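Below: the structure, in structure tokens.
Since the structure is predicted, the reported quantities are computational estimates derived from the model, not experimental observations. So you know, we letter chains A, B, ... as the sequences are listed, proteins then strands, and number each from 1. The analysis underlying the following values was restricted to heavy atoms, covering all of them including side chains, and did not include hydrogens, waters or symmetry mates.
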Amino acid sequence: MDDFTPFSLENTLQCGQLFRWKKNDGSWTGIVAERVIKIRQKANVLEFEGANASFIKGYFRLDDDLQLIASCINRDHLMERALHRFPGLRIARQDPWECLISYICATYKNIPAIKSMISELSRRFGQKILFEGKSHFSFPTPDSLANATVNDLSSCGLGFRARAVREAAKHVRTGKVDFDSLKKASCKTAKSELLCLPGVGNKVADCTLLFSLEKLSAFPVDIWMKRVIKDHYSQNFDALFDKSLTEGNSLSTKAYERISEFAQGYFGKFAGYAQQYLFHYYRSLRNKACKS
DNA sequence: GTCCAGGTAAGAT
DNA sequence: ATCTTACATGGA
């Protein structure tokens, strides 16, 4: 398969949006729905097993016109650097159920810990899949998490998130939230539905919208976006608001909405892409600083 | 051992 | 309405 440029498997899998992929000597192995996929990129050729080309194309959103998206969000020097530093980074098309639970778990946790939680949840409550002689585990169904005890969930490292995960699973199982209809609904309507779920606030809702419900304008605001806004976009806000963006104190609902709405107006209909580039770029700067 | 993490929700003002 | 604080756990 070779009609997908620009695309970087590395940048797409490493940017922090996905939690189920591992790299081993040049190729990546990941669990997607009920499959194990092994994939690698050589220049402009993708080699993979475990799925067909159309699945890969859909999963990595290779039909998005990334050139167009990049030109839309490239509004300033910072974005230009981010786009240049991580070319070919694409938003993946995640399964909404897995995405929702993953980002409920992501609350107030670092990425290695999130990966460990998801892996453990899958090992305990998912289905075993054999691939190249090794056991892998699919993400648990809504049923299996709804039936789990809070204690069992907690022992996967979920901590206080266990209750929210279990309750959210119940809502999905009963069809109280229906992801297919949320895909068709407007961003605003879909978000208000998601916000009814336990453990889901503005940020988790926006991640679910962006990464799994086709809402590419959704702009999740986490601690990294707060830092980016404070460091590079504060001139778009009043001084008092900027001052409230200090490290340590969490974002109020009001502040969240001000930032997210600013970003959607500023970056446009692909603001979610802008968010992911900024997220990955800003984290990479900090990680570099830590190593030196 | 300390710090902090892709925030949320309950309680206080 | 809006602001403040507790929160379980584990990786860095």
Check whether the side chain of Ser250(A) and the base of dT5(C) form a donor-acceptor pair under 3.5 Å.
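Checked by distance alone, the answer is yes.
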Can you tell me the distance, in whole Å, between the [atom1] atom of [X] and the [atom2] atom of [N]?
{"X": "Glu247(A)", "N": "dT4(C)", "atom1": "CD", "atom2": "P", "result": "16 Å"}
{"X": "Lys191(A)", "N": "dG7(B)", "atom1": "NZ", "atom2": "P", "result": "14 Å"}
{"X": "Phe279(A)", "N": "dG7(B)", "atom1": "CZ", "atom2": "C1'", "result": "13 Å"}
{"X": "Ile111(A)", "N": "dC4(B)", "atom1": "CD1", "atom2": "C1'", "result": "14 Å"}
{"X": "Arg286(A)", "N": "dG11(C)", "atom1": "CZ", "atom2": "C1'", "result": "12 Å"}
{"X": "Tyr256(A)", "N": "dT2(C)", "atom1": "OH", "atom2": "P", "result": "17 Å"}
{"X": "Ile104(A)", "N": "dA5(B)", "atom1": "CD1", "atom2": "P", "result": "21 Å"}
{"X": "Met117(A)", "N": "dT9(C)", "atom1": "CE", "atom2": "C1'", "result": "8 Å"}

Taking only the side-chain heavy atoms of Ser252(A) (C-beta and beyond), determine which of dA12(C), dC3(C), dC7(C) contains the nearest atom.
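For Ser252(A), the side-chain atoms sit closest to dC3(C).
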What nucleic acid atoms does [X] come within less than 4.0 Å of, heavy atoms only: base, sugar-phosphate, or nothing?
{"X": "Glu120(A)", "result": "nothing"}
{"X": "Thr253(A)", "result": "nothing"}
{"X": "Gly199(A)", "result": "sugar-phosphate"}

Pair Asn151(A)-Thr149(A), side-chain donor/acceptor within less than 3.5 Å
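No donor-acceptor contact under 3.5 Å links the two side chains.
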Quick one: on DNA chain B, does Leu197(A) or Phe19(A) contact a more 5' nucleotide (nearest heavy atom)?
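On the 5' side of the pair lies Phe19(A).
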Return the 5'-most residue of the pair Val200(A), Arg283(A) with respect to DNA chain B, ranking by each residue's nearest nucleotide.
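Taking each residue's closest nucleotide, the earlier one in sequence belongs to Arg283(A).
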Does the pair [X]/[Y] count as a salt bridge with the N-to-O cut at 4.0 Å?
{"X": "Glu247(A)", "Y": "Arg227(A)", "answer": "yes"}
{"X": "Lys57(A)", "Y": "Asp63(A)", "answer": "no"}
{"X": "Lys23(A)", "Y": "Glu10(A)", "answer": "yes"}
{"X": "Arg124(A)", "Y": "Asp152(A)", "answer": "yes"}

How are the rings of Tyr282(A) and Trp224(A) set relative to one another: parallel (under 30°), tilted (30 to 60°) or perpendicular (over 60°)?
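It falls in the perpendicular class, over 60°.
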What is the ring orientation for His136(A) with Phe131(A), classed by angle as parallel under 30°, tilted 30 to 60°, or perpendicular over 60°?
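Ring orientation, 0 to 90° scale: perpendicular.
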Hey, does the Lys NZ or Arg CZ of Arg258(A) hover above the aromatic six-ring of Phe237(A), less than 6.0 Å from the centre and inside 45° of the axis?
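So Arg258(A) doesn't make the cation-pi contact.
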P spacing across the pair dG10(C) / dA9(B), given as an integer number of angstrom
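It comes out at 22 Å once rounded to the nearest Å.
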Would you please confirm or rule out a distance under 4.0 Å between OP1 or OP2 of dA5(B) and any side-chain N or O of Thr107(A)?
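Checking dA5(B) against Thr107(A), no side-chain N or O comes under 4.0 Å of OP1 or OP2.
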Quick check on the 6.0 Å ring-centre criterion: do Tyr266(A) and Phe262(A) meet it?
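Between Phe262(A) and Tyr266(A), which both carry aromatic rings, the centre distance is below 6.0 Å.
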DNA chain C-proximal residues of residues 159-168 of chain A, any heavy atom under 4.0 Å:
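The stretch gives Gly159(A), Phe160(A), Arg161(A) as the residues lying under 4.0 Å from the strand, ordered by number.
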Can you pull out the residues from residues 203-233 of chain A that lie within a 4.0 Å heavy-atom distance of DNA chain C?
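None, since no heavy atom is under 4.0 Å.
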Hey, can you pull the donor-acceptor pairs under 3.5 Å for the side chains in residues 28-39 of chain A, sequence neighbours left out?
| from | atom 1 | to | atom 2 | distance (Å) |
| --- | --- | --- | --- | --- |
| Lys38(A) | NZ | Glu132(A) | OE1 | 3.4 |
| Lys38(A) | NZ | Glu132(A) | OE2 | 3.4 |

